[in-house]
Amino acid sequence: MSDDKTKQAAANVLTRYMTQRNMRKTPERYAILDKVFETADHFFIESLHGMLAADGYHVSRGTVYNTISLLEDAGLVRRRTFGQRTAQYEKIIGASNHHHLVCSHCGKVTEIKDQKLDELLTERRYGSFQPSYTDLYVYGLCGKCARRAGKSTIAATHKK
Ligand SMILES: [Zn+2]
Ligand SMILES: [Zn+2]
């Protein structure tokens, strides 16, 4: 799907969701949705709020929080904590299947594609359980931190 088509598809889902629940279809909600779908990667609510402001779109932090939780309920974004205190979010529609490498030192998250692993996971069966998606996090040290670790004590805390 092209970016515009993805955005349109997401907006349709949101409209349907809000119509079913008699929610007000405020322009703020659609503006936030647009920004989320322009964002390639994972984002923090704080950084999304900053990006909107940088575009000259001033909405309160509260509105951003509420809208993201609405998008989460509508199945448009997914919450990720990556073992950190502050959650990040990512869009679901238009995003291809991927897994995450999480640096336990600096918190950097890198998306990876692993077709072999996906094939393996698709074949897995766990009794009568019906899987809808698989979320795999690989924790460790990113290249930068690993290089630094060679020169400091970081490595010690990551060795078991
Ligand atoms: Zn790192
Ligand atoms: Zn991701």
Side-chain angles (χ1 to χ4, degrees), residues 1-14 17 29-55 57 59 61 63-124 126 129-160:
M1 271 197 277
S2 77
D3 282 0
D4 278 349
K5 272 194 185 152
T6 307
K7 258 195 202 177
Q8 194 50 53
N12 292 343
V13 171
L14 181 63
Y17 184 87
R29 287 175 174 159
Y30 288 98
I32 293 167
L33 179 79
D34 268 4
K35 199 73 216 167
V36 166
F37 277 81
E38 282 163 19
T39 308
D41 249 330
H42 316 96
F43 59 89
F44 292 99
I45 292 205
E46 280 301 309
S47 48
L48 183 67
H49 185 248
M51 284 187 274
L52 287 158
D55 285 356
Y57 207 88
V59 285
R61 235 178 224 100
T63 303
V64 180
Y65 271 96
N66 293 339
T67 305
I68 292 301
S69 115
L70 173 70
L71 298 184
E72 202 188 343
D73 292 341
L76 289 164
V77 299
R78 189 176 286 151
R79 189 174 193 268
R80 307 273 198 182
T81 53
F82 300 120
Q84 294 158 2
R85 277 179 44 177
T86 315
Q88 297 186 52
Y89 294 84
E90 68 180 8
K91 60 187 177 204
I92 298 176
I93 293 186
S96 54
N97 198 43
H98 62 270
H99 304 285
H100 300 93
L101 304 180
V102 184
C103 177
S104 348
H105 187 69
C106 71
K108 183 172 186 243
V109 177
T110 312
E111 296 195 336
I112 49 151
K113 297 205 192 313
D114 189 330
Q115 211 189 324
K116 270 198 171 157
L117 183 65
D118 290 342
E119 284 166 14
L120 182 74
L121 290 169
T122 324
E123 286 166 12
R124 301 301 290 172
Y126 303 96
F129 187 82
Q130 299 275 311
S132 42
Y133 70 93
T134 312
D135 224 345
L136 187 79
Y137 296 175
V138 182
Y139 292 94
L141 288 179
C142 71
K144 211 169 166 188
C145 290
R147 273 194 302 281
R148 276 197 202 134
K151 300 169 205 148
S152 74
T153 55
I154 303 170
T157 63
H158 286 276
K159 279 194 187 124
K160 287 262 157 70

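Keep in mind the model is a prediction, meaning the values are calculated, not measured. Each ligand, and each atom within it, is numbered from 1 in the order the structure gives.
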Using a distance-only test with no angle check, is there a side-chain donor-acceptor pair under 3.5 angstrom linking H100 and Q88?
no
Would you say the side-chain atoms of K91 pair up with the backbone N or O of L33, donor to acceptor, closer than 3.5 Å?
no
Under 3.5 Å, is there a donor on one side chain and an acceptor on the other for N12 and Q8?
yes
Restricting to under 2.8 Å, identify the protein N, O or S atoms around the Zn ion (ligand 2) as residue plus atom.
H42 NE2, E90 OE1, H98 NE2, H100 NE2, E111 OE2
For the CG atom of D34 and the OG1 atom of T39, what is their distance to the nearest 0.5 Å?
10.0 Å
Vertex the Zn ion (ligand 1), rays to SG in C106 and SG in C145 - rounded to 10°
110°
Where do Y139 and F82 come nearest, in terms of heavy atoms and distance?
OH-C, 3.6 Å
Is it the case that the side chain of H42 and the backbone of R79 share a donor-acceptor pair, with hydrogens and angles ignored and the cut-off at 3.5 Å?
no
At a threshold of 2.8 Å, where the distance has to be below it, does the Zn ion (ligand 1) have an N, O or S atom of H105 nearby?
no
Is K35 salt-bridged to E38, cutoff N-O under 4.0 Å?
yes
